[in-house]
Amino acid sequence: MNELETIRHSAAHVLATALLELWPEAQFAAGPPVEQGFYYDVDLPHRVSPEDFPKIEAVVSRILSEKQPFVREVISRDDAQAMAERGELAALAPRPTPSVFKLDILKGIPEGETITLYRNAAFTDLCAGPHVADTGKIGAFKLTHVASAYYKGDEKNPQLQRIYGTAFATQAEMDAHFAMLEEAKKRDHRKLGKELQLFTFDEDVGPGLPLWLPKGTVLIEELEKLAKETEFAAGYQRVRTPHIAREKLYKTSGHLPYYAESMFPPMELKEDADDKEPVRYYLKAMNCPHHHKLFAAVPRSYRDLPLRFAEYGACYRYEQSGELFGLMRVRAMQMNDAHIYCTAEQFASEFRAVNEMYLKYFKIFGIEKYRMRFSTHDPAKLGQKYVDEPELWKKTEEMVRNVLVETGVDFVEVPNEGAFYGPKIDVQVWSAIGREFTLATNQVDFAVPARFGLEFTTSGNTKETPLCIHRAPLGTHERFIGFLIEHFAGDFPLWLAPEQVRILPVNPECNAEAEALAAELRGKSIRAAVDGSRDKLGAKIRLAQVEKTPYMVVLGKNEVANRQLSVRSRKHGDLGVIDRAAFFSRIESEISERAL
RNA sequence: GCCGCUUUAGCUCAGGGGUAGAGCGACAGUUUUGUAAACUGUUGGUCGUCGGUUCGAAUCCGACAAGCGGCUCCA
């Protein structure tokens, strides 16, 4: 635990102390530091609301000024048990009801581990520490919000009130923190998406089903263009598949038992007048089964491998209503999907090439803060959460790990997070407000191709099942664009900007000339528009700046007379007078290089 | 899905048991404009939906919906 975390963890104890002064019956579970501060989970009949915060903070502030020392005490398991039973843990004094959560936590502490208490004034808590020397070391304290959380994160456990706060060594650091949060809110993709008219949601269409406005659609199409170029160069072939399929397909793939909860309920229809049982069709939640059918459609030889099928596939997932989150978590998505069918010998180089594609994309977008997460299986759950192929799991995990190590990418390995059909690598990023998301994914599949009976003829004229790599380096349009909006704060690089050039006639007499220039730019596939309003130039510039247009062209009688352009860049201000050809070639190369 | 909170004009938000208000926007007129906001006027809302209490509900109560903060889950 670093210094700040120690301060925050101590702050959680102070919060508990204050809550107990107000509600002595409070039962506490866990109170750790987190990225932005800390929380303490509490079970309390009184519903704590932000209206209670001043009252709680007043008590906290008194405790901080009292500089209560934190005292560590080693205690035997039996004594700790006895104290918990008397309700003395996470309490100011013995109570009629036992400290139930602390009893449970105590049970989880391995035999032989030192058990410690921390006390500040009358408050005693079961705690591994460490803590600051005294409560006076917590220089700034503030409660932020209250939410609910299942005990130990399990839906079957009772819901507790999770009271969030933050703490710093000094008030100045806390002020800086809140100032930063304010800035982050300004780049929230939900806010910018509305302001910049990129996308919208409508109740009649349905929750989690984004509607893409023209400007957002530009972003989609530019990303697809990038993906198509990149995949074409890497030897992928494009395919197209329908959005629905019969139930049988997902029975074959094995998705239904694992995944039915996350799929929209099926449509049922009688395909034949004398059908007794209706046929069920599902909206596809993933593209792989369809692609497997394309592999199976033609006899395949080892000479055809690796075979790489790419599709921006539309998928529909019935995400739980409480999980929907702007564009980051939706129910309809367009996935930068591809499936690579290869032999075991080809696997490592294919997997490495996929990894390199990821890194190439990150460079184009200037994505620097990300984490590769390598998810493996848990041997204890073979046959339930994971297909029962212990040898293949071991072998493929080894191959993936080797590629990661050889490439020299930083990664963390997480056990028991793999897909049911194989290990995977997820790329984790963070939204403006600090929520973590999987942006892209790269998965190994050694199970489903066999379920589909996929095979190719080997050089020895035998049949073999290919390995499959599922990869989506650009994730889904929805999440990727949600991320990009925040990453660029809506200020997209020229190649992505929905409106690249806005022409600003100084007065309406120049409107016709401006329209002609816009048409000329559009002829060069440059997205240009004219502000033909009667606003003064300053107002037109302000509007273009606010709407984050990368280039503005001021057109007055001087420019019309000498066939030149007054160019202004959103980022760098007035660039002065440039002749037309120079301006065209400047933006054309900036676009084709996809410059940042 | 669960817990809590929110929902007033296109947007941001004020108000509040006697049928609503600001700024911005949009529209119109005047101004003929030169690198981040000209002026005036007009428009605009069954106060999320449905039900209840009340002489009267946008306001109080309930249900539902959507959104927000989390939990669980995932691209």
Side-chain angles (χ1 to χ4, degrees), chain A residues 34 39 41 47-51 144-164 188 190-191 194-195 197 200-208 259 261-262 285-287 313 315 317-331 333-337 417 419 424 426-429 433 435-443 470-480 482-483 504-510 533-546 552-559 566-570 573-576:
Chain A
V34 289
Y39 65 78
D41 282 345
R47 287 273 156 214
V48 177
S49 84
E51 284 164 26
T144 53
H145 55 289
V146 69
S148 102
Y150 298 105
Y151 178 56
K152 286 185 172 171
D154 190 331
E155 274 179 284
K156 292 178 203 80
N157 286 337
Q159 281 201 320
L160 306 174
Q161 301 187 65
R162 177 165 292 182
I163 302 174
Y164 282 88
D188 191 313
R190 295 166 295 185
K191 182 176 155 69
K194 187 179 258 179
E195 286 172 1
Q197 298 190 6
T200 187
F201 289 92
D202 185 281
E203 225 176 286
D204 291 346
V205 175
Y259 216 85
E261 288 278 290
S262 303
M286 65 290 295
N287 303 301
C315 294
R317 295 184 183 173
Y318 191 75
E319 302 292 351
Q320 297 184 62
S321 58
E323 265 315 303
L324 301 174
F325 180 74
L327 283 183
M328 298 299 219
R329 194 71 182 277
V330 293
R331 286 179 173 164
M333 67 213 87
Q334 304 162 70
M335 202 183 292
N336 171 227
D337 217 350
E417 290 284 330
K424 63 176 182 178
D426 290 319
V427 180
Q428 303 300 114
V429 295
I433 55 169
R435 196 184 290 203
E436 185 176 351
F437 284 97
T438 300
L439 189 65
T441 186
N442 184 2
Q443 312 181 346
H470 306 236
R471 40 108 284 174
L474 297 177
T476 62
H477 280 322
E478 287 68 21
R479 189 172 288 179
F480 203 80
F483 171 79
L504 312 178
V506 173
N507 66 57
E509 283 162 32
C510 306
S533 72
R534 295 184 308 172
D535 284 336
K536 290 165 89 167
L537 183 60
K540 291 182 181 184
I541 287 173
R542 181 180 172 276
L543 188 66
Q545 289 280 145
V546 167
M552 287 151 259
V553 171
V554 175
L555 205 66
K557 43 182 187 299
N558 302 337
E559 288 81 3
S566 247
V567 179
R568 185 189 161 96
S569 135
R570 174 176 142 79
D574 194 350
L575 300 180

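Here is how names work: the chains are called A, B, and so on, in the same order as the sequence lines, proteins then strands, and each is numbered from 1.
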Sugar-phosphate, base or nothing in reach of [X], heavy atoms under 4.0 Å:
X      : result
A:L439 : sugar-phosphate
A:Y39  : nothing
A:A544 : nothing
A:M333 : base
A:G153 : sugar-phosphate
A:A147 : base
A:T476 : base

For a quick test of reading the model, state the closest non-hydrogen atom pair linking [X] to [Y] and the distance between them.
X      : Y      : value
A:D535 : A:K540 : O-CE, 3.3 Å
A:Q159 : A:S148 : NE2-OG, 3.4 Å
A:K424 : A:T441 : CD-OG1, 4.3 Å
A:Y164 : A:A147 : CE1-CB, 4.2 Å
A:F483 : A:L439 : CB-CD1, 3.8 Å

Look at the side chain of [X] and the base of [N], then say whether one donor and one acceptor between them are separated by less than 3.5 Å.
X      : N     : result
A:R479 : B:C74 : yes
A:Q159 : B:C2  : yes
A:Y318 : B:G1  : no

Expressed in angstrom and rounded to an integer, what is the separation of [X] atom [atom1] from [N] atom [atom2]?
X      : N     : atom1 : atom2 : result
A:Q443 : B:C74 : CD    : P     : 11 Å
A:E417 : B:C74 : CD    : P     : 7 Å
A:M286 : B:C74 : CE    : P     : 12 Å
A:R162 : B:C3  : CZ    : P     : 17 Å
A:F437 : B:A75 : CZ    : P     : 13 Å
A:H470 : B:C74 : NE2   : C1'   : 16 Å

N/O to N/O distances under 3.5 Å, protein versus nucleotides 62-67 of chain B:
residue : atom : partner : partner atom : Å
B:A65   : O2'  : A:E203  : OE2          : 2.8

Discussion item. Under a 3.5 Å distance rule, please check whether A:R471 uses its side chain to pair with a backbone N or O of A:N336 as donor and acceptor.
Written reply: yes
Worksheet item: Any sub-3.5 Å donor-acceptor pair from A:K194's side-chain atoms to A:T200's backbone N or O?
Response: no
Discussion item. Between A:R568 and A:D574, does any NZ, NE, NH1 or NH2 come within less than 4.0 Å of an OD or OE carboxylate oxygen?
Written reply: no
Worksheet entry | Note: A:R190-A:D188 ion pair, threshold 4.0 Å (strictly below) | yes
Discussion item. Under a plain distance cut-off of 3.5 Å, with no hydrogens placed, do A:Q428 and A:T438 share a side-chain donor-acceptor pair?
Written reply: yes
Worksheet item: Can a donor-acceptor pair be found between the side chains of A:T476 and A:Q334 at a distance below 3.5 Å?
Response: no
Taking atom [atom1] in both [N] and [M], compute the distance separating them and give it to the nearest angstrom.
N     : M     : atom1 : answer
B:G69 : B:U31 : P     : 50 Å
B:C61 : B:U40 : P     : 43 Å
B:G25 : B:C11 : P     : 15 Å
B:A9  : B:U33 : C1'   : 31 Å
B:U6  : B:G15 : P     : 14 Å
B:G56 : B:C68 : P     : 38 Å
B:G62 : B:G45 : C1'   : 25 Å

Worksheet entry | Flag if over 12 foreign heavy atoms under 6.0 Å of CD, A:E509 | no
Worksheet item: How about A:Q197: does its CD atom have over 12 heavy atoms from other parts shown lying under 6.0 Å from it?
Response: no
Practice prompt. Tell me, please, which residues at least two apart from A:H477 pass ring pair (Phe, Tyr, Trp, His ring centres under 6.0 Å).
Written response: A:Y312
Discussion item. Within 45 degrees of the ring normal and closer than 6.0 Å to the centroid, is that where the cationic atom of A:R331 sits relative to A:Y318?
Written reply: yes
Worksheet item: So what does the secondary structure string of RNA chain B come out as, 5' to 3', with Watson-Crick or wobble pairs under 3.5 angstrom, [ ] for crossing and | for pairs with another strand?
Response: (((((((..((((....[..)))).(((((.......))))).....(((((..]....))))))))))))....
Between the protein and nucleotides 39-46 of chain B, list the N/O to N/O atom pairs that are separated by less than 3.5 angstrom.
none

Worksheet entry | Inter-residue atom distance A:N287.CG - A:C315.SG, 0.5 Å rounding | 4.0 Å
Discussion item. Nearest 0.5 angstrom please: A:Q320 CD to A:R329 CZ, how far?
Written reply: 8.0 Å
Item to complete: Name the residue closer to the 5' end of RNA chain B, choosing between A:M335 and A:D154 according to the nucleotide with the nearest heavy atom.
Response: A:D154
Worksheet entry | Contact nearer the 5' end of RNA chain B, comparing A:H145 with A:R329 | A:H145
Check: protein-nucleotides 4-14 of chain B nitrogen or oxygen pairs below 3.5 Å:
none

Worksheet item: For nucleotides 23-38 of chain B, read 5' to 3', which letter fits each nucleotide if B means a protein heavy atom sits under 4.0 Å from the base, S means only the sugar-phosphate is that close, and - means neither?
Response: ------BBBBBBBBBS
Worksheet item: Could you go step by step and tell me if A:L160 and A:Y150 meet the side-chain contact (heavy atoms from CB on, under 4.5 Å) rule?
Response: CA-CA 6 Å; A:L160 306 174; A:Y150 298 105; over 6 Å; no
